[in-house]
Amino acid sequence: MMCAAKLQPTKPSKPTKAQGQPTRGKTALNRLRRIDVYVALAYTNLVRLPNALVVDVGFGAQAWTTLEMAARWQPLNPTLRVLGVEIDPQRVAAAQPYAVPPAITFQVGGFNLTDLIGAEAAHLIRCYNVLRQYEEADVLPALHRMSCALAEGGILIEGTSNPSGGIAAFDVYRKQGGSLQHEGLIFGTNFHIPDLPAAFQTILPKRLIHHMQDALPVAFFAAWQRAFAVVRGMGIRSRRTAWIAAAAWLISNTDFAIDRRLRLIRRGYVCLYTPLP
Ligand SMILES: C[S@@+](CC[C@H](N)C(=O)[O-])C[C@H]1O[C@@H](n2cnc3c(N)ncnc32)[C@H](O)[C@@H]1O
């Protein structure tokens with residue numbers, strides 16, 4: 001899909017309509033901590049880019065997720081600018097007292113982020129617990145529309161979590177050669193949520209949630225279930241130790257491409273690079 005708006009070098013003179021629809025604004029303190037921490041660990045160089053712009057699309061009824069993103073990443077990069085975007089003007093008005101321009105700003109907008117940031121390009125866009133409230137057919141157009149505002153090499157994160165954020169599942173896409181490439185599907189836990197990995201099946205990104213019975217998702221979750229069963233059979237009871245051991249079992253006993261970095265697995269992340277599809 002062409003990013004026509006990106007061809008225009010300056011901000012449009014009159015406001016354009018925000019693309020998308022207002023949805024429930026429910027959020028929670030620390031709900032997106034798993035994603036903030038993952039990005040800080042796995043994409044440190046991106047977060048550290050001088051004057052980088054990161055965008056939190058659909059921050060919800062309170063500005064917490066945007067403010068926490070800033071609190072977690074700006075210590076790594078004091079020049080980082082964080083922009084919270086909401087399609088609901090009242091939610092943006094409620095967030096404005098927390099703005100600290102240019103480090104933290106809030107704007108009314110939709111998936112057509114180029115209409116907000118003009119010729120500038122974002123290095124990271126996060127759209128979390130937003131597309132779950134849309135139709136599946138809306139997902140690809142929304143991702144492509146947002147990606148028009150991404151810098152080459154920048155990443156787009158789209159995913160879902162449970163209400164507290166104790167578990168999260170998200171796709172990471174990277175803009176390469178002008179188009180969006182799927183980089184991986186990440187599962188994150190704070191180790192407090194029982195019934196893993198089955199619990200992840202209820203919070204998959206929108207593009208997958210209706211495809212749980214397709215061959216590859218079935219095979220992946222069956223293998224992961226088996227890994228946990230083997231681990232339980234070894235008498236491992238600690239959730240963190242079981243998570244690490246199950247990931248090791250998956251890596252050693254299946255053909256699924258899983259990130260082997262222990263520093264990510266130990267922190268509660270399994271990063272799957274095999275497309276599902
Ligand atoms: C459930 S809240 C998610 C809040 C927060 N991101 C979280 O994960 O807790 C979804 C928010 O996305 C907003 N939203 C929906 N479509 C949008 C769009 N196209 N652009 C910007 N915001 C949008 C809704 O107005 C709503 O406040």
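Order of listing sets the numbers, starting from 1, for every ligand and every atom in it. Please read these numbers as outputs of a predicted model, since none were measured by experiment.
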[X] heavy atoms, cut-off 4.0 Å: which ligand 1 atoms fall inside?
X   : value
V57 : 20 (N), 21 (C)
G60 : 4 (C), 27 (O)
L32 : 8 (O)
G20 : 19 (N)
G25 : 2 (S), 26 (C), 27 (O)

Taking only Lys NZ, Arg NE, NH1 and NH2, and the carboxylate oxygens of Asp or Glu, determine whether R81 and E120 approach each other closer than 4.0 Å.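 Yes, charged N to carboxylate O under 4.0 Å.
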Do R174 and E183 sit within salt-bridge range, that is, some charged N less than 4.0 Å from a carboxylate O?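 Yes, R174 and E183 are salt-bridged.
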Tell me which part of R31 gets within contact of ligand 1: side chain, backbone, both or neither, using heavy atoms under 4.0 Å.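 R31 to ligand 1: side-chain contact only, backbone stays beyond 4.0 Å.
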Where on R91 is there a heavy atom closer than 4.0 Å to ligand 1, on the side chain, on the backbone, on both, or on neither?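 The part of R91 near ligand 1 is the side chain, not the backbone.
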Indicate whether the side chain of [X] and that of [Y] have a donor and an acceptor atom separated by less than 3.5 Å.
X    : Y    : value
T65  : D56  : yes
R132 : N129 : yes
H211 : E136 : yes
T105 : Q107 : no
R31  : S161 : yes

So, does W64 sit close enough to ligand 1 that a heavy atom of it is under 4.0 Å from the ligand?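 Contact check W64 vs ligand 1: negative.
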Does the residue G109 have a heavy-atom contact with ligand 1, meaning some pair of atoms that are separated by less than 4.0 Å?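 Judged by the 4.0 Å heavy-atom criterion, G109 does count as contacting ligand 1.
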Heteroatom distance test ([X], ligand 1): nitrogen or oxygen, under 3.5 angstrom:
X    : value
G58  : yes
Q133 : no
Q21  : yes

[atom]: nearest protein contact (heavy atom, Å):
atom                    : result
atom 17 (C) of ligand 1 : Y134 OH, 3.5 Å
atom 9 (O) of ligand 1  : T27 OG1, 2.6 Å
atom 23 (C) of ligand 1 : I87 CG2, 3.6 Å
atom 24 (C) of ligand 1 : T23 OG1, 3.1 Å
atom 13 (C) of ligand 1 : E86 OE2, 3.1 Å
atom 20 (N) of ligand 1 : G110 CA, 3.3 Å
atom 10 (C) of ligand 1 : R24 O, 3.3 Å
atom 8 (O) of ligand 1  : N129 ND2, 2.8 Å

Kindly compute the distance separating CE (M234) from OG1 (T241), expressed to the nearest 0.5 Å.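 If I round to the nearest 0.5 Å, the distance is 10.5 Å.
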Roughly how far apart are F59 CZ and L67 CG, rounded to 0.5 Å?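 The CZ atom of F59 sits 9.0 Å away from the CG atom of L67.
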Do the two ring centres, one from F187 and one from Y38, sit under 6.0 Å apart?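 Ring centres of Y38 and F187 not closer than 6.0 Å.
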Check whether the ring centres of W224 and F256 lie less than 6.0 Å apart, and answer yes or no.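 No, they do not, as the ring centres are separated by 6.0 Å or more.
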Counterpart residues, ring-ring contact (aromatic ring centres under 6.0 Å, His included), relative to Y43 (two or more places apart):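 Residues passing ring-ring contact (aromatic ring centres under 6.0 Å, His included) with Y43: none at all.
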